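Report on the structure given below.
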Amino acid sequence: MTEQSFKLPDIGEGITEAELSEWLVKVGDEVREDDPICEVTTDKATVEIPAAATGRVTWVGGEAGDVLAVGSELIRIETDGDVAPSEESEDPAPEPAPKPDPEPEPETPAKPAKQPEPPAKPARRAQAPAAATMARNAAGRPLAAPSVRGRALEMGIDLRQLRGTGPAGRILHEDLDAYAESGGAAAPGSGLRRRDTTEEVRITGVRRKISERMSLAKARIPHFSIIEEVEVDALEDLRASLNARFAEKRGKLTLLPFVIRALSEAVLDHPEINAHFDDEASVVTRHAALHCGIATQTDTGLMVPVLQHAEAMDLWEAARDIRRLSDTARARRIAPENLSGSTITITSLGPLGALATTPIINHPEVAIIGINKIAVRPVWDGHAFQPRRVMNLSCSFDHRVVDGWVAAEFVAKLKALLETPAMLWMEWRDD
């Protein structure tokens, strides 16, 4: 048997380090070549690392949350024969870790010699009573002194939930203390039990990357937001008609492809919105292509797959690609190249969306478009209030690059295109 050391491989995209997000094996496990052994998280994606040999795991290089450099030792595997290590190195091989002894079979422990037991303290932990054995007074209430009743009222304790330890089952002050210490006390006067437990959760993996990027965006980008109301009756009627006619052959259309189509038109008049800002070099890069980031909620946190060249897609192409990217992101199988290069981002909470939001810009972009839920609201038509389907657009901008007037014009353009969807296919420019 030979113990081989394997290193964290080059993940590509110029990545020099990765966070160890989860081990899929442990010391003592048998693995086969190409079996996944761990998941690592980079700025781009979560990647599974496969085993480079078949054998038994004898050592693992870190815990979830540790950051490892590419080329550092990742795992040691005991194999039947010689296996070439994952990466050549002039450094001497590390000292092999001592092989763990096989876990002994559980044995029935010998009974220890009987020790003298300490004097038993009177039990003070309150128990849920059985109605038949609880001591009650003539009025049917639990036995307790007036001072105990008053204190129980202040503590929010229902005396019917206690069994007294005093004479004849009388509830004492000590019973109230024991009940409170056991976590059974309630907020004063509420009759509800208090919850005093705490839990510490280490921020790792995708959640830590989200934390870092959001902190960067809020620290470096002076945000301002514009929230605009958009009537979508015409758009929703068109979407329903297209789905009724083409859904079976082309797939179902959601609202998002229409918003992307409107966005691709609006940025033609406002190229400063579809841009990146390098604040260290003081350079704004305006993009002709619309590479649209689609904020997607996954089990591990928010990811932003990118719809490349959205300006060249029709509604159904956009819908299919959005579905494909979202599905692979949620399954944590999305390629790193599909998570980078966005020029502007759209975020939507779908039917859970609020009345309005203030989305955070995806650095180094200069704008983000937030879609809020559609609701029926009364709208004044000049003569009377009419029920209309309305949604709010919540758009945030980088004030270093985009002025308020320009942002307002851009949002007004989006509103006009969405309220009159026939304009989405008009091949004309104002000039």
Side-chain angles (χ1 to χ4, degrees), residues 3-29 31 34-53 57-77 85-97 199-221 278-280 293 295-306 328-342 360 362-364:
E3 187 179 60
Q4 299 288 334
S5 172
F6 300 95
K7 299 180 179 180
L8 179 63
D10 184 358
I11 304 170
E13 295 284 321
I15 300 297
T16 59
E17 63 181 19
E19 180 184 332
L20 184 58
S21 54
E22 182 182 5
W23 278 108
L24 306 177
V25 297
K26 62 182 182 299
V27 172
D29 283 355
V31 296
D34 293 329
D35 282 352
I37 56 172
C38 68
E39 289 184 349
V40 298
T41 303
T42 72
D43 290 334
K44 308 290 186 181
T46 297
V47 180
E48 282 188 349
I49 303 298
V57 177
T58 61
W59 179 86
V60 294
E63 299 177 352
D66 291 348
V67 176
L68 305 179
V70 170
S72 61
E73 188 178 17
L74 178 66
I75 194 169
R76 297 174 193 165
I77 299 176
S86 59
E87 189 173 318
E88 294 287 340
S89 173
E90 296 179 1
D91 297 332
E95 287 280 334
E199 180 184 11
E200 292 186 357
V201 179
R202 188 177 183 188
I203 301 299
T204 62
V206 173
R207 175 51 54 190
R208 184 155 79 178
K209 295 300 179 184
I210 293 171
S211 174
E212 292 171 355
R213 292 188 65 83
M214 293 298 100
S215 297
L216 172 69
K218 287 298 286 185
R220 295 174 65 169
I221 300 176
D278 183 343
D279 48 5
E280 293 182 354
T296 303
Q297 187 63 39
T298 73
D299 290 341
T300 55
L302 189 69
M303 303 182 77
V304 187
V306 181
T328 53
R330 293 189 179 102
R332 296 196 293 177
R333 296 293 181 270
I334 191 165
E337 58 267 23
N338 289 327
L339 289 170
S340 61
S342 59
I360 298 175
N362 186 17
H363 182 274

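Values below: every heavy atom of this structure, side chains too, minus hydrogens, waters and symmetry copies. Since the structure is predicted, the reported quantities are computational estimates derived from the model, not experimental observations.
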TODO: Take Ile37 and Leu74, measure what side-chain contact (heavy atoms from CB on, under 4.5 Å) needs, and give me the verdict at the end.
DONE: CA-CA 10 Å; Ile37 56 172; Leu74 178 66; 4.2 Å; yes

Open item on the list: Does this structure show an ion pair linking Lys209 with Glu19, if we count only N-O contacts that are shorter than 4.0 Å?
Closed with: no

Open item on the list: I'd like to know if the side chain of Arg213 reaches the main chain of Asn362, judged simply by a donor and an acceptor atom lying under 3.5 Å from each other, with no hydrogens or angles considered.
Closed with: no

Open item on the list: Between Val40 and Leu8, is the side-chain contact (heavy atoms from CB on, under 4.5 Å) condition met? List the steps.
Closed with: CA-CA 10 Å; Val40 298; Leu8 179 63; 4.2 Å; yes

Task: Reported OG1-to-CZ distance for the pair Thr41 and Arg208, which is rounded to 0.5 angstrom - done: 9.0 Å

- [ ] Report the distance from atom CD1 of Ile49 to atom CG of Asp35, rounding to the nearest 0.5 Å.
- [x] 14.0 Å

- [ ] Drop me the distance from Asp66's CG to Glu17's CD, to the nearest 0.5 angstrom.
- [x] 12.0 Å

- [ ] Please answer whether the main-chain N or O of Asp299 pairs with a side-chain N or O of Arg330 as donor and acceptor at a distance below 3.5 Å.
- [x] no

TODO: Mind running side-chain contact (heavy atoms from CB on, under 4.5 Å) on Val306 and Asn338 for me, showing each step along the way?
DONE: CA-CA 6 Å; Val306 181; Asn338 289 327; 6.0 Å; no

- [ ] Applying side-chain contact (heavy atoms from CB on, under 4.5 Å), name anything that partners Ile210, two or more places apart in sequence or on another chain.
- [x] Val206, Arg207, Met214, Leu302

TODO: Mind listing the closest non-hydrogen atom pair of Ile360 and Ala217 along with its distance?
DONE: CG2-CB, 3.7 Å

Open item on the list: Ignoring hydrogens, what is the shortest heavy-atom contact between Val70 and Pro9? Give both atom names and the distance.
Closed with: CG1-O, 3.7 Å

Open item on the list: Quick check for you: to the nearest 0.5 Å, what is the distance between Met303 atom CE and Arg332 atom CZ?
Closed with: 9.0 Å

Task: Nearest heavy-atom neighbours spanning Leu20 and Glu63 - done: CD2-O, 3.6 Å

TODO: Measure across Thr298 and Ala329 and return the closest heavy-atom pair with its distance rounded to 0.1 Å.
DONE: CG2-O, 3.7 Å

- [ ] Locate the shortest heavy-atom distance separating Val25 from Pro36; write the atom from each residue and the value.
- [x] CG1-O, 4.2 Å

- [ ] Could you pull out all residues at least two apart from Glu280 that satisfy salt bridge (Lys or Arg N to Asp or Glu O under 4.0 Å)?
- [x] Arg220

- [ ] Spell out, as yes or no, whether a donor-acceptor pair under 3.5 Å connects the side chain of Ser21 to the backbone of Glu39.
- [x] yes

TODO: Indicate the atoms forming the closest heavy-atom contact of Gly61 with Trp23, along with that distance.
DONE: N-CZ2, 3.6 Å

